[in-house]
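What you are looking at is a predicted structure, and each value in this text was computed from that prediction instead of being measured.
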Amino acid sequence: MTATTTDHSSYTHTARTVIPGPQRMRVPDDDGWTELIASVKETGQYPTTAEAERVTRIVLSALGGHVTGDERVALARALPREAAGVIASQIPVTRPQSAPEFVDTIAARIEGATPATARWDVSSVLSVLPKLTGEDLIDRVLAQLPPGYALLFGKAELTPAVPSQRIRPGRP
């Protein structure tokens, strides 16, 4: 058996220092916050994600003061963590607001808003919640709120039927 030798003198080996490029930090799963904001952006036709996020935070913080008890806990559990924090961090209101008062409160928090644009903003946020939380939970939340809020959530406002009085023939 013949041994072969390789002449390495013709190879030049230069040591290279490799500097790694910037690594992207892995963003932890936002458990739906990005999807919530994307839905609000699409529903409200907002030009930027930042605007949709700002409106979402304002509306959810106002809503958080009006939902209490088990429904507040269930709503926070059903929403993405970021949205849950916004809802849960609010102090409950001392007096429930009617739906128009609620919209006026939002209008006061958004620079340049009118009652009409604030109603659009409120509906853009609240109407996406039933898809995330389920209709049953939203129905329970609506049961806590004064009449008029269902339309803001994109639902029909159903009122219980009032029994009619029968009119007997021949009698007024």
Side-chain angles (χ1 to χ4, degrees), residues 26-165:
R26 182 175 155 87
V27 177
D29 182 19
D30 69 7
D31 76 346
W33 176 253
T34 303
E35 290 81 12
L36 170 63
I37 299 305
S39 293
V40 170
K41 182 180 177 190
E42 181 180 334
T43 301
Q45 300 176 357
Y46 296 104
T48 65
T49 300
E51 186 175 353
E53 184 170 357
R54 182 177 58 85
V55 167
T56 301
R57 288 181 184 282
I58 290 168
V59 172
L60 290 180
S61 69
L63 180 65
H66 292 278
V67 180
T68 59
D70 291 341
E71 284 71 27
R72 181 176 174 147
V73 172
L75 186 60
R77 285 184 179 158
L79 291 173
R81 198 170 316 129
E82 185 77 19
V86 172
I87 294 254
S89 67
Q90 302 308 306
I91 297 170
V93 296
T94 56
R95 181 186 70 80
Q97 292 180 316
S98 67
E101 289 172 324
F102 183 81
V103 169
D104 288 343
T105 299
I106 299 300
R109 293 182 181 188
I110 299 174
E111 185 179 336
T114 65
T117 60
R119 181 172 165 69
W120 178 268
D121 293 334
V122 169
S123 292
S124 296
V125 175
L126 297 184
S127 68
V128 302
L129 296 186
K131 295 173 203 152
L132 293 171
T133 65
E135 297 287 337
D136 290 344
L137 177 56
I138 295 302
D139 289 342
R140 288 176 28 215
V141 167
L142 287 170
Q144 278 193 353
L145 300 171
Y149 277 83
L151 293 174
L152 298 174
F153 281 87
K155 297 175 64 89
E157 183 88 46
L158 301 177
T159 56
V162 176
S164 61
Q165 295 178 329

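Here the side chains of Asp104 and Pro115 are in contact, with some heavy-atom distance below 4.5 Å. Counting heavy atoms from C-beta outward, Thr56 and Val86 have side chains that stay 4.5 Å or more apart. With a 4.5 Å cut-off on side-chain heavy atoms, Arg72 and Gln90 count as touching.
At distances below 3.5 Å, at least one donor-acceptor pair connects side-chain atoms of Asp31 with backbone N or O atoms of Arg81. Within the 3.5 Å criterion, the main-chain N or O of Trp120 finds no donor-acceptor partner in the side chain of Ser123. Of the possible donor and acceptor atoms, none in the side chain of Arg119 sits under 3.5 Å from a partner among the backbone N and O of Val103.
Residues Leu132 and Pro80 approach most closely at CD1-CD, 4.5 Å, considering heavy atoms. Contact between Ala113 and Thr117 at its shortest, heavy atoms only, is CA-OG1, 3.4 Å. Taking every heavy atom of both residues into account, Pro130 and Phe153 meet most closely at CG-O, 3.9 Å. Residue Ile58 comes nearest to Ile106 through the heavy atom pair O-CD1, 3.9 Å, listed as atom of the first residue, atom of the second, then distance. Closest heavy-atom contact between Arg109 and Ser61: NH1-OG, 3.0 Å. Here the closest non-hydrogen pair linking Val122 and Phe102 is CG1-CE2, 3.8 Å.
Ring-plane geometry between Tyr149 and His66 is classed as tilted, the angle between the planes lying from 30 to 60 degrees on a 0 to 90 degree scale.
Annotation: salt bridge (charged side-chain N to carboxylate O under 4.0 Å, His left out) contacts involving residues 90-103, sequence neighbours excluded, comprise Arg95-Glu101. Among residue pairs with one or both ends in residues 41-54, those qualifying as salt bridge (charged side-chain N to carboxylate O under 4.0 Å, His left out) are Glu53-Arg57; sequence neighbours excluded.
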Would you be so kind as to tabulate the donor-acceptor pairs closer than 3.5 Å made by side chains of residues 135-148, with sequence neighbours excluded?
from: Glu135; atom 1: OE1; to: Lys155; atom 2: NZ; distance (Å): 2.5
from: Asp139; atom 1: OD1; to: Lys155; atom 2: NZ; distance (Å): 2.9
from: Arg140; atom 1: NE; to: Glu71; atom 2: OE2; distance (Å): 3.3
from: Gln144; atom 1: OE1; to: Thr68; atom 2: N; distance (Å): 3.0
from: Gln144; atom 1: NE2; to: Thr68; atom 2: O; distance (Å): 2.7
from: Gln144; atom 1: NE2; to: Glu71; atom 2: OE1; distance (Å): 3.0

Determine whether Val125 and Leu63 satisfy the following criterion, side chain to side chain contact (heavy atoms under 4.5 Å, CB included), listing intermediate values before the conclusion. CA-CA 10 Å; Val125 175; Leu63 180 65; over 6 Å; no
Let's go through Thr43 and Ser127 carefully: what are the C-alpha distance in whole Å and the side-chain angles of both, what is the deciding distance for side chain to side chain contact (heavy atoms under 4.5 Å, CB included) to 0.1 Å, and is it a yes or a no? CA-CA 8 Å; Thr43 301; Ser127 68; 3.7 Å; yes
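With Thr49 as the fixed residue, the side chain to side chain contact (heavy atoms under 4.5 Å, CB included) test singles out one of Ile37, Val40, Thr34: Ile37.
Side chains of Thr133 and Arg77: a donor-acceptor N/O pair is absent below 3.5 angstrom, by distance only.
Separation of atoms CG (Leu60) and CD1 (Ile87) is listed at 4.5 Å; rounding is to 0.5 Å.
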